[in-house]
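Here the structure is laid out as structure tokens; the discussion comes afterwards.
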Amino acid sequence: MKHLAIWRKMELLQEDIDGTLKPYNLSDTAQDVYVHIGAFHYTCIASIRRCKYFKNKSFSTLKRAILELKNHDLIHALPSANDKRVMWLTLNPDKE
């Protein structure tokens, strides 16, 4: 029964994600990255890459997903004040 409850939660979450992101026709990876950025406000691609959930995704796949989100204006990339190589990713509040 525990597995059934977990499965049902996954279904409900996916319905929420689909309801929010369906108009954008995003890849699965882009959807996952969007949810991750929303959960960990002001994150960077290196932090996303270190997350266990994305362990099987290449750096270039994550970069493409981030570019896909930026092209739809769903996220903003803000430069770090301390390290020019780091871009902090956050959701676009107008699209939440």
Side-chain angles (χ1 to χ4, degrees):
M1 284 300 205
K2 180 179 176 181
H3 298 294
L4 182 61
I6 292 170
W7 181 257
R8 185 64 189 135
K9 286 179 186 178
M10 285 177 49
E11 284 181 325
L12 291 172
L13 289 172
Q14 190 60 52
E15 288 172 10
D16 284 347
I17 292 167
D18 290 344
T20 302
L21 299 176
K22 188 168 181 122
Y24 302 102
N25 195 28
L26 299 173
S27 67
D28 290 341
T29 302
Q31 288 182 27
D32 295 342
V33 169
Y34 179 84
V35 172
H36 183 85
I37 292 170
F40 297 98
H41 192 62
Y42 287 103
T43 189
C44 65
I45 192 169
S47 297
I48 295 170
R49 181 70 182 103
R50 285 190 297 268
C51 179
K52 285 192 318 185
Y53 185 83
F54 296 104
K55 69 181 177 191
N56 294 327
K57 302 289 183 192
S58 69
F59 192 76
S60 61
T61 298
L62 294 174
K63 281 176 57 174
R64 279 192 302 275
I66 290 168
L67 184 59
E68 187 178 350
L69 294 168
K70 284 173 63 178
N71 287 341
H72 286 287
D73 199 30
L74 291 169
I75 62 170
H76 293 293
L78 308 167
S80 170
N82 301 332
D83 188 343
K84 301 277 189 237
R85 299 168 297 174
V86 176
M87 296 295 279
W88 295 110
L89 305 171
T90 186
L91 298 183
N92 180 350
D94 298 334
K95 303 278 183 143
E96 285 186 63

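The basis for the numbers below is simple: all heavy atoms, side chains too, and nothing from hydrogens, waters or symmetry mates.
- Residue L26 comes nearest to E68 through the heavy atom pair CA-OE2, 3.2 Å, listed as atom of the first residue, atom of the second, then distance.
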Indicate every side-chain donor-acceptor pair of residues 4-13 with a distance under 3.5 Å to a residue at least two apart or in another chain.
unit_1: W7; atom_1: NE1; unit_2: E11; atom_2: OE2; d: 3.1
unit_1: R8; atom_1: NH1; unit_2: E11; atom_2: OE1; d: 3.1

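- Between S60 and S58, the side chains place a donor N or O and an acceptor N or O closer than 3.5 Å (distance only, hydrogens not considered).
- Without hydrogens or angle criteria, R64 side chain to A30 main chain gives no donor-acceptor distance under 3.5 Å.
- The distance from the CG atom of L74 to the CG atom of D94 is 11.0 Å, given to the nearest 0.5 Å.
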Given side-chain contact (heavy atoms from CB on, under 4.5 Å), test I75 with N92 step by step and report yes or no. CA-CA 5 Å; I75 62 170; N92 180 350; 6.0 Å; no
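- One hydrophobic cluster holds both Y42 and V86 under the rule that ILVMFWY side chains link at heavy-atom gaps under 4.5 Å.
- Atom CG of N25 has 12 or fewer heavy atoms from other residues, nucleotides or ligands within 6.0 Å.
- The line from CG of D16 to CG of L21 is 10.5 Å long, rounded to the nearest 0.5 Å.
- Between the NZ atom in K57 and the SG atom in C51 there is a gap of 12.0 Å [rounded to 0.5 Å].
- Using a 4.5 Å cut-off on side-chain heavy atoms (C-beta onward), D73 and H76 make contact.
- Atoms NZ and NZ, on K63 and K70 in that order, are 10.5 Å from each other to the nearest 0.5 Å.
- Follow the hydrophobic side-chain contacts under 4.5 Å out from L67 and you never reach L62; the two are in separate clusters.
- With Q31 contributing its side chain and I17 its backbone, the two residues share no donor-acceptor pair below 3.5 Å.
- Rounding to the nearest 0.5 Å gives a distance of 11.5 Å between CD1 of I45 and CZ of R50.
- The two atoms that bring L89 and I48 nearest to each other are CD1-CD1, 4.0 Å, heavy atoms only.
- Between atom CG of residue N56 and atom CZ of residue F54 there is a gap of 11.5 Å, rounded to the nearest 0.5 Å.
- M87 and L69 fall into different hydrophobic clusters, defined by Ile, Leu, Val, Met, Phe, Trp and Tyr side-chain heavy atoms under 4.5 Å apart, directly or through other members.
- A pairwise comparison of heavy atoms in G38 and L91 identifies CA-CD1, 3.5 Å as the closest pair.
- Contact between S80 and W88 at its shortest, heavy atoms only, is CB-NE1, 3.3 Å.
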